Number of protein chains: 2
Amino acid sequence: MARPRKPLLSRDRIVETARALVDSEGLDAVSTRRLAAELGVSGPSLYNHFRNKDEILEAVADTVSAKVDLSMFDAADGRDWRRALHDWALSYRAALTEHPHIVPVLARGPGRRPAGLRVADAVFGAMVRAGWPPAQATYIGALMRYFVTGSALGSFARGFVDDETAYDPADYPHLGQAHLLADHQEKVDEGAFETGLRALLDGLGVQYEAGRYASERAGSGAGGFATVRPAPKLP
Amino acid sequence: MARPRKPLLSRDRIVETARALVDSEGLDAVSTRRLAAELGVSGPSLYNHFRNKDEILEAVADTVSAKVDLSMFDAADGRDWRRALHDWALSYRAALTEHPHIVPVLARGPGRRPAGLRVADAVFGAMVRAGWPPAQATYIGALMRYFVTGSALGSFARGFVDDETAYDPADYPHLGQAHLLADHQEKVDEGAFETGLRALLDGLGVQYEAGRYASERAGSGAGGFATVRPAPKLP
DNA sequence: ACCTGAACACCGTTCAAGT
DNA sequence: ACCTGAACACCGTTCAAGT
C-alpha cells in the first residue's frame, strides 16, 4: 500500500484511540503494535506522527487535563478563592476518576502538556488576584495537585487487596476486615478526599488570615475571613 | 552448573540488588534479565524466589516503607496527635525522597506489603487513641498518604521541563521563566509540601474541635486545642 | 530445591523501500 | 509526506533438563 492519497492517521485519531484503549484495558495494554492494530496500520506508522510512545501517552493525559473545569477562577470575585479552589478540586478529581488508568502519567506533573500548564496557570493567577503572594500561590497550585493526584492514584490499582489471608489481625491489630471490601475502599477514598480537601481549605484559610493577604480589599485589619469556619459542604 | 550446593540467591539479596538498581538507574532499568546479570545468575533463576517481577518491586517498595519512623505514635500522649502526624509526615517524605524512583510503586497503596500495612495500622491506632472516631482515623491515614506520595511523585520525574521553548508566555501569562529552573522546582516542592502539611494539620484541628473529639480527656467542653493556631514550625 | 538454556510471545524503535 | 516489512536489541515468563 505504501502511502495512501489520504493519510490514514492523524494525531487526534491516534490519541483518541489510545485513550479508549487505556480506559478499557489499562496502561499496559497500550503497546505501539497493539495501538497500531487498533488503528488498522502497522506499528512503525505511529512514528510519523509522534516521536515516541511516551509522547502519545502524554497527549492522552493532556486530553484529560483539558476536561478540568477552570471557569470558577475567572468568574470568581477574589474573596471566593476558597470556593473556587474547592469546586476546581472536585472537577479535577472527577476528570481523573473518569480515566483512572492514565493517572500515573498525569501524576508526574504538568511537564510540557499544554492543558496541564493551563491548569497551573489558572490556579496561580486566581490565587494572586485573591491576594496571596506569588510564592504562596505557586505552593497552593502544587499542593492541591499533590493531593488530588495522590488520592486518584492511591484509590485505584489496589489500595488494599481482595484476599482475606493478606491481613493477619495479629500483625495489624487495628486494621479490620472491612478494609478488604472494594466498595468499602471506595467509600474510604471519598471520605478521605472530602476530609482532606476540607482540611486543606480550612488550613489555608488560617494562613491567609495570619498573613492578612486580604488587606488590600478590606483595609489593613482582618478582612476576608473573619473567623475560621469549616469549608462548604461537599455535594 | 545447574544446582549449586549453596544457593546463589536469596529473597533478600535479590531485593537489595533491585533496590540499588532502581535507585541508581531508575525503574525502567530493572528488567529480570538485567537484575539477574547484576546478581550473576540467569534470568529465570529469579522465579525460584518470586512469582514475578512485580512481586520484586513490591518488596523493594516495602523496604522503603520500613524506613518510615513510627515511634512518634506510641510515644505520644494522645493530645499530641498533630505533632505526631507532622513528624511522621516528615519521616515519610524523607524516605520517599531518598528513593524517588520507587515512589510510583509505593503510591498505588499499601497493597499487601507488610511494612506499608504497619504504617497504616500505626496511624489509625494513634488517631483513635487521640479521640478521633474510627471512620475519621481511617480518612486521616489515607489523606496523609495521598498528600505525601502525591508530592513525592509530582516532584521528581519532571514537574516542569528544562526547555525554555516549552513555555510560551503568551499561552501561560502567569507562569514565569523561573518555573524552568530545576533548583527552583525543588524549592517549590519543599514550600508546597510545608504549606500543605501545615494546612492539613490546621484544618484537621478545626474538625477535631468542631467534633469535640477531645471531650473524653478534657470534659465535654472545648478540650485539647483551645484555639486554632498554626502548626509547629517545620525544621 | 535451585539453577540452566531454549523457547514463546511479545516489546519500542530504526530504516530502507515504496508511492 | 506517509505507510510498509524487515530487522535489531530487547522484554517477562514457562518449562524441561540437569544436579
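Naming convention: chains lettered A, B, ... in sequence-line order (proteins, then strands); numbering from 1 in each chain. For clarity, every value in this text was computed on a predicted model and none was experimentally measured.
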Can you measure [X] atom [atom1] to [N] atom [atom2] for me and round it to whole angstrom units?
{"X": "A/Arg3", "N": "D/dG5", "atom1": "CZ", "atom2": "C1'", "result": "19 Å"}
{"X": "B/Arg13", "N": "C/dC2", "atom1": "CZ", "atom2": "C1'", "result": "13 Å"}
{"X": "B/Leu8", "N": "C/dC3", "atom1": "CG", "atom2": "P", "result": "5 Å"}
{"X": "A/Asn48", "N": "C/dT19", "atom1": "CG", "atom2": "P", "result": "17 Å"}

Residues [X], [Y]: salt bridge by 4.0 Å N-O rule:
{"X": "A/Arg108", "Y": "A/Asp54", "answer": "yes"}
{"X": "B/Glu38", "Y": "B/Arg34", "answer": "yes"}
{"X": "B/Glu16", "Y": "B/Arg19", "answer": "yes"}

inquiry  = Would you say A/Asp12 and A/Ser10 are linked by a side-chain donor-acceptor pair, where the criterion is simply a distance under 3.5 Å?
reply    = no
query = Would you call the rings of B/Phe147 and B/Phe193 parallel, tilted or perpendicular, where under 30° means parallel and over 60° means perpendicular?
reply =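 The rings of B/Phe147 and B/Phe193 lie parallel, inter-plane angle below 30°.
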Are there any protein N/O atoms within less than 3.5 Å of an N/O atom in nucleotides 12-15 of chain D, and if so, which ones and at what distance?
from   : atom 1 : to      : atom 2 : distance (Å)
D/dG12 : OP1    : B/Thr32 : N      : 3.4
D/dG12 : OP1    : B/Lys53 : NZ     : 2.8
D/dG12 : OP2    : B/Thr32 : N      : 2.6
D/dG12 : OP2    : B/Thr32 : OG1    : 2.8
D/dG12 : N7     : B/Arg33 : NH1    : 2.5
D/dG12 : O6     : B/Arg33 : NH1    : 3.3
D/dG12 : O6     : B/Arg33 : NH2    : 3.0
D/dT13 : OP2    : B/Tyr47 : OH     : 2.6
D/dT13 : OP2    : B/Lys53 : N      : 2.9
D/dT13 : O5'    : B/Tyr47 : OH     : 3.2

inquiry  = For Watson-Crick and G-U wobble pairs within 3.5 Å on both distances, what is DNA chain C written in dot-bracket notation, | included for inter-strand pairing?
reply    = ||.|||||...|||||.||
ask   = How long is the gap from CZ on A/Phe124 to CZ on A/Arg129, to the nearest 0.5 Å?
value = 10.5 Å
ask   = Can you check whether A/His49 has a side-chain N or O nearer than 4.0 Å to OP1 or OP2 of D/dC3?
value =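 Affirmative; the distance criterion is met.
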query = Below 4.0 angstrom from OP1 or OP2 of C/dC3, is there any side-chain N or O of B/Ser42?
reply = no
